[in-house]
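All remarks here apply to the structure that follows.
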Amino acid sequence: MAQKPSIPKGTRDFDAAEVAKRSYIMDTIKQQFQLYGFQPIETPSFENSETLMGKYGDEGDRLIFKILNSGEFLSKVSDQDYDSKSEQTITPKISEKALRYDLTVPFARYVVQHQNEIEFPFKRYQIQPVWRADRPQKGRFREFFQCDADVVGSDSLFQEVEFVQLYDAVFSTLKLKGVTIKINNRKVLSGIAEVIGAQDKLIDFTVALDKLDKIGEEKVKDEMRSKGISDEGIEKLQPLFGLKGDFGTQIENLKSILSTSEIGLKGIEELEFINNAISTVKLKTAKLQLDVTLARGLNYYTGAIFEVSAPEGVKMGSIGGGGRYDDLTGIFGLKNMSGVGISFGLDRIYLVLEELNLFPETIADSTKVLFINFGKNEAMTCLKAVTKLRQAGIRAELYPDDAKMRKQMNHANRRNIPFVILVGEEEIKDEKFTLKNMVSGEQNKLSFSELQATLK
RNA sequence: GUGGUUGUAGCUCAGCUGGUUAGAGCGUCGGUUUGUGGUACCGAAAGUCGCCGGUUCGAACCCGGUCUUCCACCCCA
């Protein structure tokens with residue numbers, strides 16, 4: 001046997017059942033997006049490198065798939081650059097395009113590029129694959145789908161409120177109960193950094209803080225020290241590590257910690273507004289939780305930060321994330337355009353639904369009736385009937401070969417086709433069809449109109 | 001990018017401290033049953049033991065490299 005073909009690391013093939021389950025999730029998300037007034041757009045799978053590079057930090061640049069130029073691209077590299085063997089020097093000279101890494105940056109590019117045609121505030125959704133040159137592991141692939149909804153052109157916090165509702169609506173519709181929508185605010189994090197005298201180390205500080213529940217208080221402090229945050233600053237953080245309780249209690253504690261920070265108090269005010277609004281309209285099944293250690297996300301979040309974690313007991317990274325980014329389009333030259341958005345991780349939601357057995361049984365609808373093939377003449381009669389049934393909207397097919405009955409019946413079984421029809425010499429003579437129910441085993445000789453009525 | 005792990009028939013996996021013709025279950029194909037499936041019984045086909053190299057009289061098994069799988073770290077959906 002020849003060497004078996006394969007697909008690249010971190011990619012997958014999907015069979016019919018998997019496609020059906022994925023569509024079920026996608027359709028649910030799409031339906032809610034539309035219900036909330038978002039319009040679909042699509043962007044190319046690859047962008048100009050400069051659109052993507054530098055938008056996700058150094059770590060992100062490493063994970064972007066670069067596309068090699070066409071033609072004699074090496075001849076454009078000078079001997080000096082070539083000899084340098086420096087990836088950073090050579091890559092831009094041999095690669096001018098890259099696969100999209102997420103949907104947010106291409107969206108920002110889209111908004112800037114089409115700013116004169118867009119009616120603001122602009123609400124769009126986008127469901128497309130993205131690629132990351134990451135090492136695969138649980139719930140992490142090199143090709144995966146993101147389902148994003150974003151609004152640009154409005155500072156209103158009602159947008160944040162609606163996104164919390166949208167998360168709740170989608171997961172409730174998917175019957176995925178007990179998800180936690182974690183929320184934080186970049187301004188609160190900035191305020192804390194300010195209070196401890198580490199404004200300039202905001203990213204290092206937040207990345208360390210984010211690991212609190214994973215590596216524990218002491219190691220977080222170690223990491224902060226190693227990044228150059230002073231001991232007295234870390235001392236001031238102490239109340240933060242013990243921050244517990246419901247939304248309101250945490251808010252009150254934060255107010256005293258941040259009492260001297262204008263920006264911190266602004267962040268608290270925003271969180272309070274969102275929480276109050278959600279308390280008023282109520283969520284169906286999700287929980288909204290304030291998590292001051294939540295600091296993930298990209299360098300461009302400026303206000304709210306969201307992350308959705310799977311119900312307790314399911315080992316899975318976040319199944320959604322998002323936030324407010326005041327300045328994203330600024331990178332592409334369009335100022336004063338605030339945006340906020342969220343993303344659903346389709347592939348991870350799939351794994352969670354699978355693990356909890358939450359997919360409906362009936363999503364994979366296949367052929368309803370299979371005509372058994374007894375030979376050319378009989379098959380011709382069947383073909384006419386198949387054609388008419390299809391015109392009536394009934395999924396019907398004819399077994400293409402006059403194989404042994406056992407084989408044909410087995411085929412119907414394996415594909416879960418609920419009915420077969422047998423047409424032999426006798427049926428042709430009587431102008432009847434023998435319909436067999438593959439579940440009960442019962443069978444009847446019917447006229448075509450009776451047949452059609454039964455299958456309808 | 002770092003560390004660990006996995007690879008044997010179409011699928012899931014056995015295979016002892018290296019030792020003759022590498023096994024099982026499921027599936028496939030054929031038969032019992034030439035127009036009646038799911039059950040049962042009988043039989044058959046099917047593997048360069050991931051790939052390349054090394055050690056050895058002898059390698060699925062030991063060693064090195066490489067690819068792949070899965071897991072953790074970094075980071076993230």
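Throughout, protein chains are lettered first and strands after them, A, B, ... in sequence-line order, and every chain is numbered starting at 1.
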B/S/- contact track for nucleotides 2-7 of chain B, protein heavy atom under 4.0 Å: BB----

Nucleotide-resolved protein contact map, nucleotides 38-43 of chain B, B/S/- at heavy-atom distance under 4.0 Å: B-----

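Pair assignment for B:U55: none, as no Watson-Crick or G-U wobble contacts are both less than 3.5 Å. When both distances must be under 3.5 Å, the Watson-Crick or G-U wobble mate of B:A24 is B:U12.
Once rounded to the nearest 0.5 Å, the distance linking CG of A:Asp326 with CE of A:Met337 reads 12.0 Å.
By the 30° and 60° cut-offs, the orientation of the rings of A:His114 relative to A:Tyr110 is tilted.
No aromatic stack links A:Phe344 and the base of B:A77, using centre distance under 5.5 Å and interplanar angle under 30°.
Donor-acceptor pairing under 3.5 Å, judged by distance alone, is absent between the side chain of A:Arg140 and the base of B:C71. Not a single donor-acceptor contact under 3.5 angstrom links the side-chain atoms of A:Glu378 to the base of B:G35.
On the P atoms, B:G23 is 14 Å away from B:A9, given to the nearest whole Å. For the C1' atoms, the distance linking B:U20 with B:G64 amounts to 29 Å, nearest Å.
Taking the six-membered ring for Trp and the full ring otherwise, A:Tyr167 and A:Phe344 have centroids separated by under 6.0 Å.
Listed by chain and residue number, A:Arg140 satisfy the side-chain hydrogen bond (donor to acceptor under 3.5 Å, both in side chains) test with A:Asp134 (two or more places apart in sequence, or in another chain).
In this model, the phosphate group of B:U68 is approached by a side-chain N or O of A:Lys9 to a distance below 4.0 Å at OP1 or OP2.
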